[in-house]
Asks: 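Here it is, the structure, as structure tokens.
Order of the sequence lines fixes the chain letters, A, B, ..., with proteins taken first and strands second; residue numbering starts at 1 for each chain. This is a predicted model, so every value here is computed, not measured.
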Amino acid sequence: MARYNPKEAEPKWQAIWQAAGAFRAPDAQAAAGKPKYYALEMFPYPSGRLHVGHVRNYAMGDVIARFKRAQGFNVLHPMGWDAFGLAAENAAMERGIHPKTWTYENIAVMRDQLKRLGVSIDWSREFATCDPAYYGRQQALFLELYARGLAYRKEGVVNWDPVDNTVLANEQVIDGRGWRSGAPVEKRKLTQWFLRITDYADALIDGLKTLDRWPDKVRVMQENWIGRSTGLRLSFAFAEATRTEGLSVYTTRPDTLYGASFVAVAPDHPLAQEIAAENPAAAAFVAECRKGGTSEAEIEAGEKTGFDTGLEVIHPFDPNRRLPVWIANFILMDYGTGAIFGCPAHDQRDLDFARKYHLPVRPVVLPPDADPATFAIGDEAYVGPGRIYNSDFLDGLEVEAAKAAAIARAEAGGFGEGTTVYRLRDWGVSRQRYWGCPIPIVYCQACGPQAVPLDQLPVVLPDDVAFDKPGNPLERHLTWKHTTCPQCGGKAERETDTLDTFVDSSWYFIRFANPKADAPIDRAASDYWLPVDQYIGGVEHAVLHLLYARFVTRALADGGALEVREPFAGLFTQGMVTHESYRRQNGDWVEPHDVKVIQEGETRRANLIETGEPVVIGDIEAMSKSKKNGVSPEEIADAYGMDAARLFVMSDSPPERDVQWTTGGIKGAWRLVNRIWDEFDSQPALALDVSFDDDPRAIALVRSTHRLIKTLTEAIEGFRFNSGVASVYAFLNELRGLPASGATPALLAARAEALNVLARLIAPFAPHLAEEAWSRIGGARLVAQAPWPTYDPALVAEEMLTLPVQVNGKRRGEIHLPPGTSAAEAEKMALADPAIQRHLEGLAVRKVIVVPDRIINIVVGPAS
RNA sequence: GCGGAUGUGGCGGAACUGGUAGACGCACUAGAUUUAGGUUCUAGCGGGGUGACCCGUGGAGGUUCGAGUCCUCUCAUCCGCACCA
């Protein structure tokens, strides 16, 4: 008996897998005949070290990959690096190390760490997005989008992060702050490159319906983000004859037009600007809005303020009515037309505004049971269904019908049209940073912007750059940006902005299909491997990365480069790894390995190991550098091995939920590793071919084994890894009750069979242990190459069932019978049971419900 | 405010399409081995009575022979979006 030694076994098997090429995905051409399976985890940013969250993420993907491989699929399970980004530049500024050096060194470290996890990756396909071989092809794709008008340049107001010194996409602004720096975002006017994602707004919404293996949450988030709404765009004519141009407003409630009591425009609206230019009071109000617009307190309070311009517009359906035109702080310039009509009775914001400025409130939608004579609006706008009244030609219509009628009238009158608007904006991809993919465009004085010819790609980043000053080093580089125009040969300058790193991650999964191809996309290879069958990562990418990737895939497919339109057929968003946090008396955070937790009965306290100083046990939170509550994979591997860590992060909570890292938990997993090993280690030589029938315990074991195959297979397929591991525990408890030696040949044979199956079943979870076990029992080749066990449905069924017997719904006894026993027979047995009879005394049986092989319920009443 | 989820022992969590609630693990208690500690093993472990009885899945109703599961209302927590017309 030897204790399992992961420190020896893990590197040993990793080397053997590598030598055997066990995880190499076949080329698409060679792959025919077998079904394919593409398992992918979101590739990491090479920050420099792996954390336990990564372990969980990659272990889950690995379970799927190994499982599918064993089931006979051609599995593609690649790995790469999302390697461009700001952190590298920050390192350059703080430590004087070149971003490239920093990045590739980090990659080397993390590759090593990943390999030590024992994840079954095809390393031959590895690449980093900062490899010129990758970003050069990305430049080619960008130019293709440019040629098709899907990439374009325009001047616009952009989100400027003053700390990171760069532009941010709308998706990267959270609560008015930069998603990385946390600094309040400023508005700036700049000329920027955009990708025309809005062209795909409908397709991206409609496509969500086909993604039935995506979490609802993510689909809903994307749908909300795109924010499609349908309504009416209509033009209000001004009462002032000097204004010939109408005021265009957008509404989703054209049915309530007769309830309009004012019109309002955003402070940034051209009309507001125009008025502000002449009217100091208006200018002051607009300035106030600008200032307050970004203040959180203002938004929180939600107070509506406005400025009456004195202008009036004519109601489009009733030329006799005039509506005042206001500038209002709650109107957004970048949604719809930046102008609205206010219907206070049926919109809460308009109501708040109307009450403040004493504007009329005129209800036009009558709730189903309300009396038109008495119905009135109080402090709450009525937004429910009903019938239109007070509305001339719309009277009597239901809301939806009235919308259609109002739109039809507006269209007929030539002053409006039914339209769809989106919240989604085009994707701004220019970043004023060095460490990113150069945008392959040059600007010529004579010819304007020109695409860099394909044969001049990649446009490579210069290495000799300095980070001693803020701003973009590419801008300051002495020679890099100076080039010639591909059109006229004259002097030209390169674009010095680089692409948002989310562009890099929008097609990497396509490149994995054939990362060596000359063309950016190998059509045959990507048609074979795509879509990704199972994508795994954190929810934090629900809108950003996942929406961009869906867009880019569609755009490329429309250009004929791809077959698939949805890149990720299945998405799984895994939970985080959390840990208790600890603080010293002075408030400093301390790391878990510096803390000793003492259990006294049911209470816990903690001390610093070194000084004995008591520390406060804090909240359970996501592991983070600032809270110092992280645990490094190295520490864990040293103490327990990677298999124990993998088992633990997958066993303690459902995969979609957070899991709390605890010492007790990892020790439990380590015990499991040893208990499994002990079973294999104590197994005598393979038993001979005997009949299991000779020993009832043997038959029982065979049945349990087959049941385990079924349970575990279904657990993996259903992403219930925690239940799967639990079933292994239960099986082991059963195995432990059986003698390993000195038993009947039948039992020994059943045991051998059980271990043969067990080694294969645990392989996805604890691959090194499984190999060690497999070799201990003389399994053929590697367990990584062994087929997934299948079960015999006949053996999965119990031989004997225990059915509860209820009397009036309360459990009063049980009977034992073989499965398939007839209802009549079961009823007879239940009624004959002495324990049951006791409860039937003096009562009349009214009804007996028998659910075969499940339960029996006897309904009784007083004897008549 | 809108949208999405989640509430089950001391803790993480099981329970397939309504059918024995608490699998499995952690922690805890007692005992055994070793004994410096840890490890390992055995037993117990929702609450109450402690006899084969009652109560129990956030709360209140309801449907059903039977509800953690379905319906209505309600409370709490978490997440996302947030003046989107």
Asks: If you assign each of M333(A) and D652(A) to its closest nucleotide in RNA chain B, which residue comes earlier from the 5' end?
Replies: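 In this pair, the answer is D652(A).
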
Asks: When the side chains of residues 714-723 of chain A are checked against the rest of the protein, which donor-acceptor pairs come out under 3.5 Å, sequence neighbours left out?
Replies:
unit_1	atom_1	unit_2	atom_2	d
E714(A)	OE2	K710(A)	NZ	2.9

Asks: In chain order, what residues pass the ring pair (Phe, Tyr, Trp, His ring centres under 6.0 Å) check against H839(A), with sequence neighbours excluded?
Replies: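 H839(A) satisfies ring pair (Phe, Tyr, Trp, His ring centres under 6.0 Å) with no other residue.
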
Asks: Would you classify D350(A) as touching base, sugar-phosphate or nothing, given that sugar-phosphate means primed atoms plus P, OP1 and OP2, and contacts are heavy atoms under 4.0 Å?
Replies: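 If one applies the 4.0 Å heavy-atom cut-off, D350(A) turns out to touch nothing in the nucleic acid.
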
Asks: Please report whether the ring centroid of F415(A) lies less than 6.0 Å from that of F236(A).
Replies: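 Ring centroids of F236(A) and F415(A) are no less than 6.0 Å from each other.
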
Asks: Using the P atom on both, measure G7(B) against G59(B) and round to a whole Å.
Replies: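 The answer is 13 Å between these two P atoms.
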
Asks: When rounded to the nearest Å, what value does the distance between C1' atoms of G22(B) and G37(B) take?
Replies: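 My reading of the C1' atoms in G22(B) and G37(B) gives 34 Å.
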
Asks: Provide a list of protein-nucleic acid N or O atom pairs under 3.5 angstrom, restricted to nucleotides 62-66 of chain B.
Replies:
unit_1	atom_1	unit_2	atom_2	d
C65(B)	O2'	N857(A)	ND2	3.1
C65(B)	O2	N857(A)	ND2	2.6

Asks: In dot-bracket form, how is RNA chain B paired, counting a Watson-Crick or G-U wobble pair only if both its distances are under 3.5 Å and using | for bases paired to another strand?
Replies: (((((((..(((......[....))).(((((.......))))).(((....)))..(((((..]....))))))))))))....

Asks: Within the sub-3.5 Å range, which N or O atoms of nucleotides 43-53 of chain B have a protein N or O partner, and how far apart are they?
Replies:
none

Asks: So which pairs with a foot in residues 251-264 of chain A pass side-chain hydrogen bond (donor to acceptor under 3.5 Å, both in side chains), sequence neighbours left out?
Replies: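 Sorted result for residues 251-264 of chain A: R253(A)-D255(A), Y258(A)-D392(A).
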
Asks: Remember a base hit wins even if backbone is also touched, and classify G668(A) as base, sugar-phosphate or nothing at under 4.0 Å, heavy atoms.
Replies: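 Here G668(A) touches the backbone only, sparing every base.
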
Asks: Could you tell me which residues satisfy salt bridge (charged side-chain N to carboxylate O under 4.0 Å, His left out) with R233(A), sequence neighbours excluded, listed by chain and number?
Replies: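 Result, salt bridge (charged side-chain N to carboxylate O under 4.0 Å, His left out) vs R233(A): none returned.
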
Asks: Measuring from the side chain of R671(A) (C-beta onward, heavy atoms only), which nucleotide among U40(B), G12(B), C81(B) has the closest atom?
Replies: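 Looking only at side-chain atoms, R671(A) lies closest to U40(B).
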
Asks: Using the salt bridge (charged side-chain N to carboxylate O under 4.0 Å, His left out) criterion, which residues pair with E580(A)? Sequence neighbours excluded.
Replies: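 Scan of E580(A) (salt bridge (charged side-chain N to carboxylate O under 4.0 Å, His left out), adjacent residues dropped) gives R604(A).
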
Asks: Compare the minimum distances between each of C55(B), A27(B), A14(B) and the side chain of P654(A), then state the nucleotide with the smallest one.
Replies: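 Among the listed nucleotides, the one closest to the side chain of P654(A) is A14(B).
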
Asks: What's the gap between G25(B) and U74(B) when it is taken at their P atoms, as a whole Å value?
Replies: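 My reading of the P atoms in G25(B) and U74(B) gives 42 Å.
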
Asks: As a test of reading the structure: which of G12(B), A85(B), A82(B) is closest to the side chain of R423(A), going by heavy atoms?
Replies: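 Out of G12(B), A85(B), A82(B), the nucleotide with an atom closest to R423(A)'s side chain is A82(B).
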
Asks: Are any of the side-chain nitrogens in R219(A) or D216(A) under 4.0 Å away from the carboxylate oxygens of its partner?
Replies: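 A salt bridge is present here (some side-chain N lies under 4.0 Å from a carboxylate O).
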
Asks: My understanding is that only residues two or more places apart in sequence, or in another chain, count here; which of them pass ring pair (Phe, Tyr, Trp, His ring centres under 6.0 Å) with F731(A)?
Replies: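 Applying ring pair (Phe, Tyr, Trp, His ring centres under 6.0 Å) to F731(A) gives none.
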
Asks: What residues, two or more places apart in sequence or in another chain, satisfy salt bridge (charged side-chain N to carboxylate O under 4.0 Å, His left out) together with K209(A)?
Replies: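 K209(A): salt bridge (charged side-chain N to carboxylate O under 4.0 Å, His left out) contacts with D206(A).
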
Asks: Between the protein and nucleotides 67-74 of chain B, list every N/O to N/O distance that falls short of 3.5 Å.
Replies:
none

Asks: Classify Y250(A) by what it touches in the nucleic acid, base, sugar-phosphate, or nothing, heavy-atom distance under 4.0 Å.
Replies: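 Base, at least one base atom sits under 4.0 Å.
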
Asks: Is it the case that the ring center of F648(A) lies less than 6.0 angstrom away from the ring center of W670(A)?
Replies: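 Aromatic pair excluded; centres sit 6.0 Å or further apart.
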
Asks: By nearest nucleotide on RNA chain B, pick out whichever of L803(A) and V220(A) is the more 5' one.
Replies: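 The 5'-side residue here is V220(A).
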
Asks: State which residues pass salt bridge (charged side-chain N to carboxylate O under 4.0 Å, His left out) with D833(A); sequence neighbours excluded, sorted by chain then number.
Replies: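 Partners of D833(A) by the salt bridge (charged side-chain N to carboxylate O under 4.0 Å, His left out) criterion come out as none, since no residue qualifies.
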
